[in-house]
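Okay, so here's the structure we're looking at.
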Number of protein chains: 2
Amino acid sequence: MVKRATARDVAEQAGVSKWTVIRAFTPGASITETSRAKVMAVAEKLNYRPNLLARSLATNLTHQVAVLVDDFENPYKLSFLERLTLELQSEGLVAVLININEHFDHVHALLNADQRQLDAVVMCGTAFRTEMLQDVRLDGAAPMFVLARDSQIPGVPAINCDSTLAINELCRHLHGKGYRRPGFMAGAKTLSTALGRQRAFKAFWQLHGIDEVAELAAQSYSAASGAAAARRYLNEVSPADRIDVLLCENDVLAFGAMDVIRGEFGLKVPADIAVAGFDNTLFAAAPAYDLTTYEQPVEAMVKATVSMILGREPKVSVILPGRLVVRGSA
Amino acid sequence: MVKRATARDVAEQAGVSKWTVIRAFTPGASITETSRAKVMAVAEKLNYRPNLLARSLATNLTHQVAVLVDDFENPYKLSFLERLTLELQSEGLVAVLININEHFDHVHALLNADQRQLDAVVMCGTAFRTEMLQDVRLDGAAPMFVLARDSQIPGVPAINCDSTLAINELCRHLHGKGYRRPGFMAGAKTLSTALGRQRAFKAFWQLHGIDEVAELAAQSYSAASGAAAARRYLNEVSPADRIDVLLCENDVLAFGAMDVIRGEFGLKVPADIAVAGFDNTLFAAAPAYDLTTYEQPVEAMVKATVSMILGREPKVSVILPGRLVVRGSA
DNA sequence: TTGTATGCGTTATCAA
DNA sequence: TTGATAACGCATACAA
């Protein structure tokens with residue numbers, strides 16, 4: 001194994017001090033063109049490149065950002081991951097991907113990110129409970145950000161889609177289509193985002209003179225849970241009393257619900273029950289589902305997050321408007 | 001902003017030298033229990049945790065692994081990402097996720113990983129051309145691994161699914177079901193993996209006395225490409241001459257193909273044309289597709305990769321058997 | 001077992 | 001503009 005060349009190696013061969021070598025690689029440093037050229041020639045020859053690790057130790061900046069993800073089953077996380085890595089890389093940063101699970105929780109991740117001196121922590125749609133933070137002491141720790149979820153943590157900005165606006169736009173569309181017996185399928189009950197959406201949903205219909213809103217509760221944000229919740233509802237409620245439109249908190253839930261509505265109960269979407277989702281994931285556009293849904297402003301959200309990380313924008317919570325995507329399912 | 005406590009801070013308060021502090025945090029170091037306890041108490045009080053960055057500089061080990069991904073649209077990459085991060089984390093390693101795209105190619109990524117002193121580089125299913133490596137000089141660089149793809153790079157082990165075996169198992173199943181007019185849909189023509197699969201497909205049917213094999217070429221590995229390829233084929237070939245079974249190189253291609261077969265041509269799957277895929281992605285199990293496919297041994301592949309990274313296994317290419325998943329589509 | 005000196009490869013600061 | 005000294009926080013090797 002060949003050792004990597006260091007600034008000192010270059011300095012020796014170039015006949016200058018190692019600090020001159022450093023300067024040659026420091027944009028805007030005061031150095032003569034002759035020196036720089038001499039250094040660069042030797043550097044090229046020795047294949048020298050600055051050691052970013054050593055630089056980080058000296059500057060207290062790793063240019064690495066922890067990205068916490070806890071549910072890889074949700075395809076919409078992929079779009080966030082893609083945009084986020086892209087945006088970070090274009091700014092010279094890099095994402096350290098941390099998988100949150102039973103064996104490795106948020107506290108683990110935060111401590112780890114702290115010990116590795118990462119510059120920032122982005123919780124990418126992770127289910128986070130404020131209590132988890134109580135026993136952790138992050139003194140000079142990196143700034144945290146909650147992406148695609150509301151933050152209940154004081155001092156931690158949330159960058160989120162305006163879900164109230166979203167729900168209202170969705171509902172206005174559904175109401176305009178003539179649906180009058182609405183149902184809402186929520187995923188995890190505990191999350192504030194979920195509660196907010198459900199509240200906004202009920203408020204809309206109430207405002208339009210409809211007090212009866214069916215609530216289907218799924219256990220989690222998976223197609224199977226969505227299917228189970230739909231199955232339970234359709235079994236319990238007589239056909240005459242059924243909803244005529246179902247808004248799911250999530251595309252994936254909607255897929256599961258549609259599978260059951262059509263496949264197990266032989267009902268038509270949207271004729272018998274219209275279905276709408278949230279996220280506009282890849283498969284929402286597939287003819288098999290053709291799902292009416294709401295798209296989160298992924299790019300804007302990610303850009304906002306990265307701007308805050310870089311300190312270009314104040315670190316405050318931001319709510320951005322998304323986009324209604326009308327398709328055949330509702 | 002509070003400064004983080006260092007070993008020296010702890011040493012001063014504990015009345016020992018900083019090396020004793022280091023020892024307290026070094027498993028198996030020779031230190032008395034009293035010293036360790038004293039150190040730990042102060043450490044706890046000061047909230048001291050070793051700076052992994054400084055440790056890395058001293059040990060030449062970052063415990064970070066670059067994971068290169070170039071196509072976030074393919075859901076099966078998610079399963080690899082999930083398993084890989086999981087496995088790495090359980091070994092004290094962490095994944096640095098690098099998004100390969102037009103603005104940030106493999107060479108960029110490799111240089112970046114090198115400068116950051118990452119311990120290993122895993123190319124996770126990325127489309128890589130050997131020529132790209134020609135002008136890069138990675139002297140003391142980290143070992144590279146190609147996951148879920150064949151490696152044409154000398155000295156770079158590939159950890160892959162046995163696609164010949166896979167194709168044979170799939171074909172045996174299809175043949176057993178009675179299909180005799182087979183078609184194969186390939187994604188990118190340039191990839192060796194793709195060529196290998198197609199060759200194995202043709203070889204199987206030839207061996208069973210069938211020389212006529214339709215070849216549908218998709219432009220890329222997306223549902224839209226799969227749809228376009230299927231559309232082109234169905235438009236060109238008269239109903240009497242049509243294939244009765246289509247094996248797609250990829251689940252996503254299969255989804256696109258099914259959408260067109262059923263939605264645009266009103267044909268039944270599998271009655272008119274059976275369809276099979278490859279990868280067993282999340283949606284393959286969805287009733288809307290119910291796709292017969294082949295599952296890559298993700299966990300085994302990832303474990304093998306991590307073992308090599310850790311030096312527990314010799315760094316050689318490995319081919320692992322997957323699992324046929326029979327569903328309703330074929 | 002404990003303390004000391006030295007090194008990892010860079011950056012920051014000051015002097016020349 | 002250049003060289004030198006110190007510092008970043010820890011690990012290794014050696015001496016006490």
Side-chain angles (χ1 to χ4, degrees), chain A residues 1-40 42-43 46-64 114-119 139-141, chain B residues 1-40 42-43 46-64 114-119 139-141:
Chain A
M1 164 137 163
V2 192
K3 266 205 54 162
R4 271 180 269 244
T6 75
R8 205 166 75 156
D9 300 328
V10 177
E12 280 174 10
Q13 284 220 21
V16 297
S17 72
K18 62 174 178 174
W19 296 279
T20 304
V21 176
I22 302 286
R23 286 191 186 93
F25 281 88
T26 306
S30 57
I31 182 176
T32 55
E33 256 319 307
T34 31
S35 298
R36 156 166 274 135
K38 193 164 54 180
V39 167
M40 286 318 224
V42 178
L46 295 184
N47 197 25
Y48 165 79
R49 265 160 291 130
N51 181 331
L52 262 34
L53 197 54
R55 176 177 295 175
S56 292
L57 184 61
T59 56
N60 254 314
L61 244 47
T62 54
H63 298 286
Q64 292 190 335
D114 184 46
Q115 284 196 260
R116 290 183 187 273
Q117 317 292 112
L118 303 193
D119 294 345
D139 285 346
Chain B
M1 164 139 162
V2 190
K3 265 206 59 165
R4 270 180 270 245
T6 74
R8 206 165 72 154
D9 300 328
V10 176
E12 281 175 8
Q13 285 219 22
V16 297
S17 72
K18 64 174 177 173
W19 295 278
T20 304
V21 175
I22 304 284
R23 286 191 185 93
F25 281 88
T26 307
S30 58
I31 182 176
T32 55
E33 257 317 308
T34 31
S35 296
R36 157 165 273 134
K38 193 164 55 179
V39 167
M40 287 317 222
V42 178
L46 295 184
N47 197 24
Y48 166 79
R49 266 159 290 129
N51 181 332
L52 295 183
L53 196 55
R55 176 178 294 175
S56 292
L57 184 61
T59 57
N60 256 314
L61 244 48
T62 54
H63 299 285
Q64 296 193 140
D114 184 47
Q115 285 196 259
R116 289 183 190 274
Q117 316 293 108
L118 303 192
D119 294 344
D139 284 346

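The basis for the numbers below is simple: all heavy atoms, side chains too, and nothing from hydrogens, waters or symmetry mates. Letters A, B, ... mirror the listed sequences (proteins, then strands); counts begin at 1.
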Taking [atom1] from [X] and [atom2] from [N], how many angstroms apart are they, rounded to a whole number?
{"X": "R116(B)", "N": "dT10(C)", "atom1": "CZ", "atom2": "C1'", "result": "15 Å"}
{"X": "L52(B)", "N": "dC8(C)", "atom1": "CG", "atom2": "C1'", "result": "16 Å"}
{"X": "L61(A)", "N": "dG9(C)", "atom1": "CG", "atom2": "P", "result": "21 Å"}
{"X": "R4(A)", "N": "dC8(C)", "atom1": "CZ", "atom2": "P", "result": "14 Å"}
{"X": "H63(A)", "N": "dT11(C)", "atom1": "NE2", "atom2": "C1'", "result": "12 Å"}
{"X": "R55(B)", "N": "dG9(D)", "atom1": "CZ", "atom2": "P", "result": "14 Å"}
{"X": "Q117(A)", "N": "dC10(D)", "atom1": "CD", "atom2": "C1'", "result": "11 Å"}
{"X": "R49(B)", "N": "dC10(D)", "atom1": "CZ", "atom2": "C1'", "result": "16 Å"}

remark   = Nearest heavy-atom approach of L57(A) to A54(B) is CD1-CB, 3.8 Å

request  = Might you point out which heavy atoms bring V21(B) and A7(B) nearest each other, and give the distance in Å?
outcome  = CG2-O, 3.7 Å

request  = Give me the one residue out of T62(A), N51(A), L61(A) that meets side-chain contact (heavy atoms from CB on, under 4.5 Å) with S56(A).
outcome  = T62(A)

request  = Give a yes or no answer on whether the side chain of Q115(A) reaches the backbone of P50(B) with a donor-acceptor pair at less than 3.5 Å.
outcome  = yes

ask   = Which is true for I22(B) with a 4.0 Å heavy-atom rule: it touches a base, it touches only sugar-phosphate, or it touches nothing?
value = sugar-phosphate

ask   = If you look at every strand shown and take non-hydrogen atoms under 4.0 Å, does Y48(A) touch a base, only sugar-phosphate, or nothing?
value = sugar-phosphate

request  = May I ask you to decide whether R4(B) forms a salt bridge with D114(A), counting only side-chain N to carboxylate O separations under 4.0 Å?
outcome  = yes

Using a cut-off of under 3.5 Å, enumerate the N/O to N/O pairs linking the protein to nucleotides 1-3 of chain C.
{"from": "dT2(C)", "atom 1": "OP1", "to": "T32(B)", "atom 2": "OG1", "distance (Å)": "2.9"}
{"from": "dT2(C)", "atom 1": "OP1", "to": "S35(B)", "atom 2": "OG", "distance (Å)": "2.4"}
{"from": "dT2(C)", "atom 1": "OP2", "to": "T32(B)", "atom 2": "N", "distance (Å)": "3.0"}
{"from": "dT2(C)", "atom 1": "OP2", "to": "T32(B)", "atom 2": "OG1", "distance (Å)": "3.4"}
{"from": "dT2(C)", "atom 1": "OP2", "to": "S35(B)", "atom 2": "OG", "distance (Å)": "3.3"}
{"from": "dG3(C)", "atom 1": "OP2", "to": "S17(B)", "atom 2": "N", "distance (Å)": "3.4"}
{"from": "dG3(C)", "atom 1": "OP2", "to": "S17(B)", "atom 2": "OG", "distance (Å)": "3.0"}
{"from": "dG3(C)", "atom 1": "OP2", "to": "T20(B)", "atom 2": "OG1", "distance (Å)": "2.4"}
{"from": "dG3(C)", "atom 1": "N7", "to": "R23(B)", "atom 2": "NH1", "distance (Å)": "3.4"}
{"from": "dG3(C)", "atom 1": "N7", "to": "R23(B)", "atom 2": "NH2", "distance (Å)": "3.3"}
{"from": "dG3(C)", "atom 1": "O6", "to": "R23(B)", "atom 2": "NH2", "distance (Å)": "2.4"}

task = For E12(A), enumerate each residue passing the side chain to side chain contact (heavy atoms under 4.5 Å, CB included) test, keeping only those at least two apart in sequence or located in another chain.
result = R8(A)

